[in-house]
Amino acid sequence: MIGGAVVELGAASRPERPAANHPTPSSAPARYVLSSMNRVIDDRRYLIPFRSSLLPQIFTEVLVIGAGVAGLRAAVEAAALGSEVIVLSKDTLRNTNTAWAQGGIAAILREDDSIESHVQDTLAAGAGLCDEPAVRLVVEQGPERLRELIDWGMALDRDAAGELAVGREGGHNAFRVFHAGGDATGRELERCLYERMLKTGRVRLFDHCFSLDLITQGTEPGAPVLGAITYHERFGLQMIWARTTILASGGAGQLYRETTNPKPATADGLAMAYRAGATLADMAFVQFHPTTLYLPGAGRSLISEAVRGEGAHLLDQAGNRFMLDEHDMAELAPRDIVARAIVRQIARQGGRHVWLDCRHLAHFEHRFPGISAELKRFELDPAKDLIPVHPAAHYMIGGVRCDLQCRTDVPGLLVAGEVSASGLNGANRLASNSLLEGLVFGQVAGELAAKAAASNGSRSGPVPVVSDIRPSDHGELDLADVRSSLRSAMWRNVGIERTGPKLHDANDMFDFWSRYTLDKIFDEPTGWETQNMLLVGSLVAQSGAWREESRGAHARADFPNPVDRFRVHDLWRRGRSQPLLLDVPAEVSV
Ligand SMILES: Cc1cc2nc3c(=O)[nH]c(=O)nc-3n(C[C@H](O)[C@H](O)[C@H](O)COP(=O)(O)OP(=O)(O)OC[C@H]3O[C@@H](n4cnc5c(N)ncnc54)[C@H](O)[C@@H]3O)c2cc1C
């Protein structure tokens, strides 16, 4: 069990409702008091008014929200074990974080590497906040999950001798990152899992189907999840009732003006889970990728860490390798260290970017065909030109808290993948561990959901669910302006280097914008996404303001060091203005 003790800040040790992974209250520091935070984000249980009985009804045993690595792997498992499954994706399968993944999947298949070494690298990157049992589970199951993909036809790259090719990425002390299509690992993984899912014959995929909210009977936290209310461009609103719902809705990169994530990564799953009463953990932790292409007018395309793994150097304006002075792993230091070093270097030298030097790398185009093609679009030749790079928001480390079986503290709701906080990533995710996390916990969630379906044949719902929301008193809203202001404020105030005043400013802004944005009733996804982003942005800023220390991906200029009493998970639940604290369960050797 992911264990530890939970405590409410600012209160005596008051018993909490039991949860699989938050067992008992204990004593812990009680210092932080939120500002005059108006919890507007807690007012709404559902995004829209509806009467369930008036909507079309769909039934399934397992509902999977998300068709990235975690959702597809969960669907494959549940269907293979006999369950009928519906998978939702709000966009196409090509537009997931999974499909955009470049570098690869970390796992131990080589005899000159070891599980223990991968565990230790993961713990070191996690900076004291990893749950070691979760780390061990993922790393130990990694080889099996990867071999299974090879059996299912995933075309991992091979070297001239026909052996699986391996790369190395930041924070790894060994070459253990397996890739496909050079830098197209995610696309090949998505293809492989999708085809495997089709073969089961028990999965219906609804794409362009937007999940608005998880359905519970009653609005009190702790009420079981019974499925979701969804919106499809053609079919409109629908109720999907399920015995088990697996939330695998991915990340939140779109919260930030600068991000590597595709457009759908708008934090919907985190917001849905929060509204349904689930606990969110460690929301301050957002990983910023050090190297995205920085050209006005270009998207922030990722220049994979694997490029630095192959030996590329980061140079300042004068052409010096500044990372040599920053860390003994230089360009291959953990991502937070490299990202912050780049920001500091830019502050010292001026301008908007540093350079990535790949000119000495042989076979760049062969090894990184996707990146080469993107550079070509801007007339950059990595054999001759330096590449302008800058950090961008990349991975949401915080998420819906779950135990080793993917259970949340809401019955009927499992989580897997980037939306979850399983304890694997601690305060900072190790490169190439997240596809692995999705594979491992996707399988675990799918198996548990199938078992639940088999143990009790009765289907969920329909129960009468009514959401009444009175119309907003405020006038028209320029939604695009709210969204872009939010993304800019997140980048400026809740970005790579934070301070208390900036975080509190962000909180005040989000609170104010929430008053006239979260009370609106929208009738299409852009409005719902913006409401979700505002809710989750608020939680990231609140968690960041609470965490008066620097640890892993969370860097506070006003508290530059880790502080032992913050070596806890901070837990956020609807209806509470203060976080609860959960001890990190096992000793880690960092
Ligand atoms: C550019 C890039 C490169 C990366 N490279 C690597 C790498 O090399 N190795 C590695 O390990 N990790 C990498 N990562 C991280 C990794 O890709 C992700 O963490 C991982 O793929 C997340 O998988 P997931 O299944 O949790 O979510 P995703 O793959 O993002 O899938 C989320 C799914 O949820 C759906 N969804 C979301 N909201 C809703 C809603 N409201 N209604 C219905 N459906 C919804 C989406 O449509 C999508 O189908 C990279 C990420 C990016 C962006």
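Counting starts at 1 for both ligands and their atoms, following the listed order.
- Which of Ser434, Ala416, Ser249 comes nearest to atom 37 (C) of ligand 1 through a heavy atom is settled by distance: it is Ser249.
- Set against the non-hydrogen atoms of Thr260, the atoms of ligand 1 under 4.0 Å away are 1 (C), 53 (C).
- For Arg136, the salt bridge (Lys or Arg N to Asp or Glu O under 4.0 Å) partners two or more places apart in sequence, or in a different chain, are Glu116, Glu132.
- The ligand atoms of ligand 1 that sit less than 4.0 angstrom from a heavy atom of Asp268 are 38 (N), 39 (C), 40 (C), 41 (N).
- Listed by atom number, the atoms of ligand 1 under 4.0 Å from Gly417 heavy atoms are 26 (O).
- Residue Asn261 places a heavy atom less than 4.0 Å from ligand 1.
- Rounding to the nearest 0.5 Å gives a distance of 4.0 Å between CD1 of Ile229 and CD1 of Ile48.
- Look at Gly186 and you'll find every heavy atom at least 4.0 Å from all atoms of ligand 1.
- Between Tyr395 and Phe288, a ring centre-to-centre spacing not shorter than 6.0 Å is recorded.
- Of all the heavy atoms of Glu169, none lies under 4.0 Å from any atom of ligand 1, so neither backbone nor side chain is involved.
- Counting heavy atoms closer than 4.0 Å to ligand 1, residue Ala431 contributes nothing at all.
- Ranking protein heavy atoms by distance to atom 24 (P) of ligand 1, first place goes to Thr98 OG1, 4.0 Å.
- Taking a cut-off of under 4.0 Å to the non-hydrogen atoms of Phe210, the atoms of ligand 1 that pass are 41 (N), 42 (N).
- For residues 284-293, the set of pairs meeting the salt bridge (Lys or Arg N to Asp or Glu O under 4.0 Å) definition, not counting sequence neighbours, is empty.
- Close approach of ligand 1 to Asn433 (heavy-atom distance below 4.0 Å) involves ligand atoms 11 (O).
- Separation of the Trp528 and Phe210 ring centroids falls under the 6.0 Å cut-off.
- For Glu529 and Arg483, the salt-bridge test passes: some basic side-chain N is under 4.0 Å from an acidic carboxylate O.
- Interface atoms of ligand 1 facing Ala248, defined by a heavy-atom separation under 4.0 Å, are 32 (C), 33 (C), 34 (O).
- Looking at Asn428 and Gln287, their side chains do bring a donor and an acceptor atom within 3.5 Å of each other.
- Gly438 does not count as a contact of ligand 1, since none of its heavy atoms falls under 4.0 Å from the ligand.
- By the criterion of a heavy-atom distance under 4.0 Å, neither the backbone nor the side chain of Val177 is placed next to ligand 1.
- Of all the atoms in ligand 1, the ones that sit under 4.0 Å from a non-hydrogen atom of Ser89 are 44 (N), 47 (O), 49 (O).
- Close approach to Gly103 involves these atoms of ligand 1, each under 4.0 Å from a residue heavy atom: 7 (C), 8 (O).
- Ligand 1 is approached by Arg429 to a heavy-atom distance shorter than 4.0 Å.
- Ranking the protein heavy atoms by distance from atom 3 (C) of ligand 1 puts Leu302 CD2, 3.2 Å first.
- For Gly104, a nitrogen or oxygen atom sits less than 3.5 Å from a nitrogen or oxygen atom of ligand 1, counting backbone and side chain alike.
- Contacts between Cys209 and ligand 1, counted as non-hydrogen atom pairs separated by less than 4.0 Å, involve the backbone only.
- The heavy atom nearest to atom 2 (C) of ligand 1, considering only Lys90, His394, Gln102, is found in His394.
- Between Ser117 and Arg176, the side chains place a donor N or O and an acceptor N or O closer than 3.5 Å (distance only, hydrogens not considered).
- When each of Glu190, Glu437, Glu148 is tested with Arg73 by the rule salt bridge (charged side-chain N to carboxylate O under 4.0 Å, His left out), just one qualifies, namely Glu148.
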